[in-house]
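One structure is given here, and the rest of the page talks about it.
Residue numbering restarts at 1 for every chain, and letters A, B, ... go by the order of the sequence lines.
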Amino acid sequence: MEKIIALLDCNNFYASCERAFNPALNGKPIVILSNNDGCIIARSNEAKALGIPMGEPYFKAKHIIENNNVKVFSSNYTLYGDMSARVMATLAEFVKDIEIYSIDEAFIDLTNYPEPEKLANTIRQSVGKWTGIPVSIGIGQTKTLAKAANRVAKKYKSYNGVFRIDAEERRQKALKSMHVGDVWGIGRQINKKLASCNINTAYDLSIQPDNWIKSNLTICGLRTAQELRGNACIEFEETPEARKSIVVSRSFGGTVFEHQGIKEALSNFAERAAVKLRGDGLLAKRAQVFLYHELVARGGSNHNSTITVEFDYPTDSTCEIIKATSAAISSMFVAGMGYKKCGLVLLGLINKAGFTKDLFDNRNLHKQDSVMQAMDYLNNSMGSGTIMLASSKGKGGWVAKKDNKSFCYTTRWDELPVVH
DNA sequence: TCTGGGGTCCTAGGACCC
DNA sequence: TCTGGGGTCCTAGGACCC
């Protein structure tokens, strides 16, 4: 049966979060910076209108920012994550089948609702009212068409934030007005390739023969084309699949030359990764550890900068993870080198609930778990960093820059908004 | 001088997404 | 001088097995 899929997307999400607690920012240009205050990763409409591109390094855009009095924020993921949860909770008041796709997007299956557009309008208004976050909703027969419809909803004010691709005529019109590079699933590389074949709009791509698409763009491109034609190839997934990896990595605030500083940074990142692992009830079988020096950060070769370590047994223990990854990063460290970034990836993730010890595993898992549970409890209830391993504590020369952070208005008692 | 074929699993790299 | 972080999937190639 034909489905009706909607995509709800928060408008300029991070910028809208900052505004929700600081109404003086309404109508003003604002930008949000990535970790380490490196790049611009979100912009209000006013900032977009000034010609500040997405992903632009902060220092390159500084002149536009200063000349136009643009407000600048370091990213505040605690705030954005909490606001995201509020938006999703509001959505759940109205519909049952929701697939949370990213921090600011959700697909909704509206197949069994009699008046999808009317419902979408109600959702949009309610989310705006209850959370302060403006959203747009696109509706179509497939996820890719819902994405395309969402672009139309955002672009043309007259639709009031909701647009549905229902009839064939509307589908063709929407696809003909859409650049192929803006289609969900078509990135820079494929866009370049398509341009050289004179395929410029979403519609152009949708009418290419299947075998041409498959041999030039692989199976992924073919799926996208099918979806544009209205044939669903990308499943709607209400229950998210178990994650397959956990990454924690950071660029350093400055260049780090000391072995101790590198170990300290990685120890911090490993602690975060282990907390995520336990939060999801998973165990990791191995970790990839990487350490990049200055030349790599500037785009040079990253030869010999990654090591994979296999844990003796699947683990979620902060101590075991730090011990193994710390040894790996030490073996990569070269005295005299200036380092810019390091991190780890936990892989081979399995469900802790289904894990049974083998005969040779002589760890005292019960004791280990009790310690970890106590650590997690203290850090959850009294703030992260309340208790940590000694190896994570130090001078912190690697800590990232964050010069313009807003308050955690919704998650810290001492940073609640004040009404005068 | 001559040197198979088919299958699986793993990994690295590249593409995409937000 | 200063350029993020966290994910997914696909493909090709190597190792290994019979």
Side-chain N or O of [X] closer than 4.0 Å to phosphate OP1/OP2 of [N]:
| X | N | value |
| --- | --- | --- |
| A/Lys147 | B/dC17 | no |
| A/Lys244 | C/dC9 | yes |
| A/Ser245 | C/dT8 | yes |
| A/Lys62 | C/dT3 | no |
| A/Arg243 | C/dG7 | yes |
| A/Arg286 | B/dT11 | yes |
| A/Arg250 | C/dG6 | yes |
| A/Ser251 | C/dG5 | yes |

Is it possible for you to check whether A/Lys340 lies under 6.0 Å from the centre of the six-membered ring of A/Tyr292, through NZ or CZ, and within 45° of that ring's axis?
no
Spacing of [X] atom [atom1] relative to [N] atom [atom2], expressed in whole Å:
| X | N | atom1 | atom2 | answer |
| --- | --- | --- | --- | --- |
| A/Arg272 | C/dG5 | CZ | P | 11 Å |
| A/Ile213 | C/dC10 | CD1 | P | 17 Å |
| A/Phe107 | B/dC18 | CZ | P | 9 Å |
| A/Phe13 | B/dC17 | CZ | P | 20 Å |
| A/Ile65 | C/dC2 | CD1 | C1' | 13 Å |
| A/Ile186 | C/dC10 | CD1 | C1' | 15 Å |

Taking the ring centre of each residue, are A/Phe333 and A/Phe257 less than 6.0 Å apart?
no
Taking the minimum atom-to-atom distance to the side chain of A/Trp184, which one of C/dG4, C/dG6, B/dC18 wins?
B/dC18
Selection from C/dT11, C/dT3, B/dC18 that lies nearest to any side-chain heavy atom of A/Phe59:
C/dT3
Would you mind telling me which of A/Asn150, A/Asp9, A/Asn11 makes a side-chain hydrogen bond (donor to acceptor under 3.5 Å, both in side chains) with A/Ser136?
A/Asn11
Tell me whether the count of non-hydrogen atoms from other residues, nucleotides or ligands lying under 6.0 Å of CZ in A/Phe21 goes above 12.
yes
